[in-house]
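Below you'll find the structure, written out as structure tokens, and then a few comments.
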Amino acid sequence: MTNPSNEPADQSAAIKDPDEWVTGDEPPTAAQESYLGTLAREAHADLPDNLTKAEASKRIDELQAETGRGQ
């Protein structure tokens, strides 16, 4: 979709709660798994097995807050 007025698009409309994702129950993506591993090492945190894509997203947010990444 284009924005003919050249005003910044409202990005908040594009951000969905992971609990509402259609694919949230699927396994995490390779990128999520890799980044989670990096964040967990930096935070000295353990990761549970068998996270879903939505759970991985939430854990990434938590670990980013703990490590100061993503700010």
Residues in side-chain contact (heavy atoms from CB on, under 4.5 Å) contact with Asp19, at least two apart in sequence or another chain: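 Asp19: side-chain contact (heavy atoms from CB on, under 4.5 Å) contacts with Asp17, Lys58.
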Considering all heavy atoms of both residues, which atom of [X] and which atom of [Y] are nearest to each other, and what is their separation?
| X | Y | answer |
| --- | --- | --- |
| Pro28 | Ala56 | CB-CB, 3.9 Å |
| Asp46 | Arg59 | O-NH2, 4.1 Å |
| Trp21 | Lys16 | NE1-O, 3.4 Å |

Which residues share a side chain to side chain donor-acceptor pair (under 3.5 Å) with Glu66, sequence neighbours left out: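 Glu66 satisfies side chain to side chain donor-acceptor pair (under 3.5 Å) with no other residue.
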Test item: Ser57 side-chain N/O and Lys53 main-chain N/O as donor-acceptor pair under 3.5 Å: no
Polar side-chain atom of Thr52 near backbone of Gly24 as donor-acceptor pair, under 3.5 Å: yes
Connected hydrophobic set around Leu51, excluding itself, where side chains approach under 4.5 Å: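 Besides Leu51, the cluster holds Tyr35, Leu36, Leu39, Leu47, Ile60, Leu63.
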